[in-house]
Amino acid sequence: MAVGTGVDSTMAELSSTLNAFVQKFIDPTIYDQILKHNPVLYRFHRKGKVIDGGAALTWPALKATKTKGGWYTGAQQLAHGVEDTIEPAEVNWKHVAEDVTIPRTDLLKARTPYAKVDLLKTKFDEAIMNLRSRISAALYAAPSEGNGLDNLFQAIDDGTDTANYAGIAHSNSWWKPGIAGDGRINKANANMTALTEIETLYGRCSDGDEQPTLIITTQSGYDFMWGQLQALQRFTRDEEMVKAGFDAIKFNRAVVVIDRNTVAKSLLMLNERWLDLVAHEEENFAVDPVLPGTPSERSINTKVVWSGNLRVKIIRFHGKYLNVDNF
């Protein structure tokens with residue numbers, strides 16, 4: 001290559017060195033660093049990786065109750081035949097990237113190889129924190145730039161806030177939330193006054209041993225629930241969450257956690273058995289190769305990337321409170 005027409009050779013050599021460092025020391029830790037430092041993402045982490053692939057994320061969803069079947073006696077004719085009770089639920093893959101770019105001038109100031117590695121690690125730490133925040137916020141609301149997850153407040157509904165989820169109408173009696181009564185409760189800017197109100201939603205989302213396992217609310221919502229407990233009840237903590245570094249109390253079988261990214265004045269009640277954060281098999285917190293910048297830009301750059309989406313498999317086992325004034 002002629003002199004002056006290509007990328008700075010010293011930058012290319014440095015990029016190769018830093019890329020080796022990233023692949024060995026940073027890339028293997030990103031999954032844990034993103035999922036283990038937020039209480040809700042940690043709950044997905046503890047379930048283990050859920051990986052899928054293909055053009056979209058699809059799964060079979062029950063849309064109606066079977067009718068072919070029932071009690072009989074003697075030689076009575078039995079109902080039989082094909083029933084269309086399953087519909088494919090589908091959401092598209094969503095993609096997020098966090099940029100890591102370091103100007104050549106910054107690298108010059110980091111004079112030793114150790115200083116350059118430390119500078120790169122600092123930039124990755126910043127990118128990982130930002131990516132964790134982006135994914136956490138996208139669990140509850142669409143990001144300003146669009147293209148976010150099919151979030152929990154869209155999925156857990158009765159057709160009032162969103163018409164459908166995963167291509168299936170919320171108004172469908174089998175798909176909507178709640179076993180007995182609505183799983184969406186709007187307090188219309190009134191206060192939550194007693195834990196019995198939360199128990200009401202808990203009951204609507206339960207069926208035998210299918211009960212909510214996770215309650216997500218704001219700091220004010222958590223403070224309200226904590227304040228309703230007797231002193232001895234406050235020691236009913238979820239030890240796993242506490243050991244992981246999070247404030248968490250128990251409500252029936254559910255762990256109550258604070259997520260500052262959730263919607264204000266709200267409470268989500270989830271059955272984690274029927275909820276996954278699914279990652280694409282080829283892009284689960286991956287790092288692009290560290291490369292020199294373009295001939296017109298003296299820098300090195302890479303990106304931390306993730307592709308995935310939320311999969312809420314049976315909506316009727318989840319519920320939400322909205323517009324709770326003291327939450």
Side-chain angles (χ1 to χ4, degrees), residues 36-47 136-137 139-141 151-153 155-158 161 177-275 277 310 312 315-327:
K36 290 181 73 173
H37 297 283
N38 171 281
V40 178
L41 295 180
Y42 174 79
R43 300 293 294 190
F44 291 117
H45 178 274
R46 68 192 287 274
K47 291 179 68 175
S136 174
L139 294 175
Y140 311 109
N151 65 68
L152 292 168
F153 283 88
I156 301 166
D157 196 52
D158 59 1
D161 302 319
I179 298 297
D182 196 357
R184 174 195 180 277
I185 302 177
N186 189 346
K187 287 291 287 182
N189 295 316
N191 283 347
M192 192 80 73
T193 58
L195 288 179
T196 52
E197 294 182 82
I198 299 176
E199 177 65 23
T200 296
L201 182 61
Y202 189 95
R204 291 181 182 182
C205 298
S206 300
D207 184 13
D209 67 349
E210 295 287 1
Q211 298 172 27
T213 58
L214 181 65
I215 295 174
I216 305 168
T217 188
T218 63
Q219 180 69 60
S220 297
Y222 184 90
D223 292 346
F224 168 82
M225 295 184 71
W226 188 90
Q228 297 298 303
L229 301 176
Q230 299 293 325
L232 287 177
Q233 291 175 313
R234 291 173 188 154
F235 289 96
T236 308
R237 306 183 303 175
D238 186 84
E239 292 302 325
E240 178 190 351
M241 294 297 288
V242 171
K243 287 178 182 178
F246 307 109
D247 289 329
I249 55 176
K250 298 279 285 190
F251 182 83
N252 296 337
R253 290 180 60 191
V255 177
V256 185
V257 300
I258 307 159
D259 195 333
R260 296 184 183 277
N261 288 309
T262 193
V263 173
K265 300 184 177 184
S266 73
L267 179 145
L268 277 172
M269 202 168 281
L270 308 175
N271 182 327
E272 294 168 281
R273 179 179 176 183
W274 304 109
L275 173 68
L277 182 66
L310 276 170
V312 184
I315 291 176
R316 65 195 184 105
F317 290 141
H318 313 278
K320 66 183 180 183
Y321 261 108
L322 298 173
N323 299 311
V324 186
D325 202 46
N326 56 336
F327 279 29

task: Ignoring hydrogens and angles, tell me if any N or O in the side chain of His318 forms a donor-acceptor pair with the backbone of Ile156 under 3.5 Å.
output: no
field: Side-chain touch Leu275/Phe317, heavy atoms, less than 4.5 angstrom
entry: no
message: For a quick test of reading the model, state the closest non-hydrogen atom pair linking Ile315 to Ala155 and the distance between them.
response: CD1-O, 3.0 Å
- prompt: Between Phe153 and Leu268, which heavy-atom pair has the shortest distance, and what is it?
  reply: CE1-CD1, 3.6 Å
query: Could you state the interatomic distance from CD1 (Ile258) to OG (Ser220), rounded to the nearest 0.5 Å?
result: 9.5 Å
query: Lys265 pairs by side-chain hydrogen bond (donor to acceptor under 3.5 Å, both in side chains) with which of Asn323, Asp325, Thr217?
result: Asp325
Nearest non-hydrogen partners of Cys205 and Pro212, listed with the distance: CB-CG, 3.8 Å
- prompt: Does a side-chain N-to-carboxylate-O contact under 4.0 Å join Asp161 and Lys320?
  reply: yes
task: Would you sort out whether Lys187 and Leu322 count as a side-chain contact (heavy atoms from CB on, under 4.5 Å), showing the intermediate values?
output: CA-CA 6 Å; Lys187 287 291 287 182; Leu322 298 173; over 6 Å; no
message: Determine whether a donor-acceptor pair (N or O, by modelled atom type, separation under 3.5 Å) exists between the side chain of Asn191 and the backbone of Thr193.
response: no
- prompt: Where is the tightest heavy-atom contact between Arg43 and Val255, given as atom of each residue plus distance?
  reply: NH1-CG2, 3.8 Å
message: Donor-acceptor pair, distance only, cut-off 3.5 Å: does the side chain of Asp238 make one with the backbone of Ala248?
response: no
- request: State, to 0.1 Å, how close Tyr140 and Asn151 come at their nearest heavy-atom pair, and which atoms those are.
  value: O-OD1, 3.4 Å
task: Just do the side-chain contact (heavy atoms from CB on, under 4.5 Å) check on Phe246 and Asn38 with the steps written out, would you?
output: CA-CA 8 Å; Phe246 307 109; Asn38 171 281; 5.6 Å; no
message: Using 0.5 Å steps for rounding, measure from the CG atom of Leu277 to the CG atom of Leu310.
response: 5.5 Å
- request: Go through Leu201 and Leu267 one step at a time and tell me if the side-chain contact (heavy atoms from CB on, under 4.5 Å) criterion holds.
  value: CA-CA 10 Å; Leu201 182 61; Leu267 179 145; 4.3 Å; yes
- request: Can you measure from CG (Leu214) to CZ (Arg253) and round to the nearest 0.5 angstrom?
  value: 13.0 Å
message: Tell me if the aromatic rings of Phe327 and Phe224 count as close, with their centers under 6.0 Å from one another.
response: yes
task: Examine the side chains of Glu210 and Ser206 and answer whether a donor and an acceptor come within less than 3.5 Å of each other.
output: no
query: When Leu270 is tested against each of Ile215, Val40, Leu152 for side-chain contact (heavy atoms from CB on, under 4.5 Å), which residue passes?
result: Leu152
- request: Output, in order, the C-alpha distance, side-chain angles, deciding distance and verdict of side-chain contact (heavy atoms from CB on, under 4.5 Å) for Leu229 and Ile249.
  value: CA-CA 10 Å; Leu229 301 176; Ile249 55 176; 3.9 Å; yes
message: Rounded at 0.5 Å granularity, tell me how far CD in Gln228 sits from CG in Asp223.
response: 11.5 Å
- request: Mind checking the CG-OG1 spacing from Asp259 to Thr218? Nearest 0.5 Å is all I need.
  value: 10.5 Å
message: Quick test of your reading of the model: are Lys47 and Glu272 salt-bridged, counting only N-O distances below 4.0 Å?
response: no
query: Taking atom types as modelled and ignoring hydrogens, do the side chains of Tyr202 and Glu197 form a donor-acceptor contact shorter than 3.5 angstrom?
result: no
message: Measuring only between side-chain heavy atoms, which start at C-beta, is Leu139 closer than 4.5 Å to Leu41?
response: yes
message: For the CG atom of Asn252 and the CG atom of Leu195, what is their distance to the nearest 0.5 Å?
response: 9.5 Å
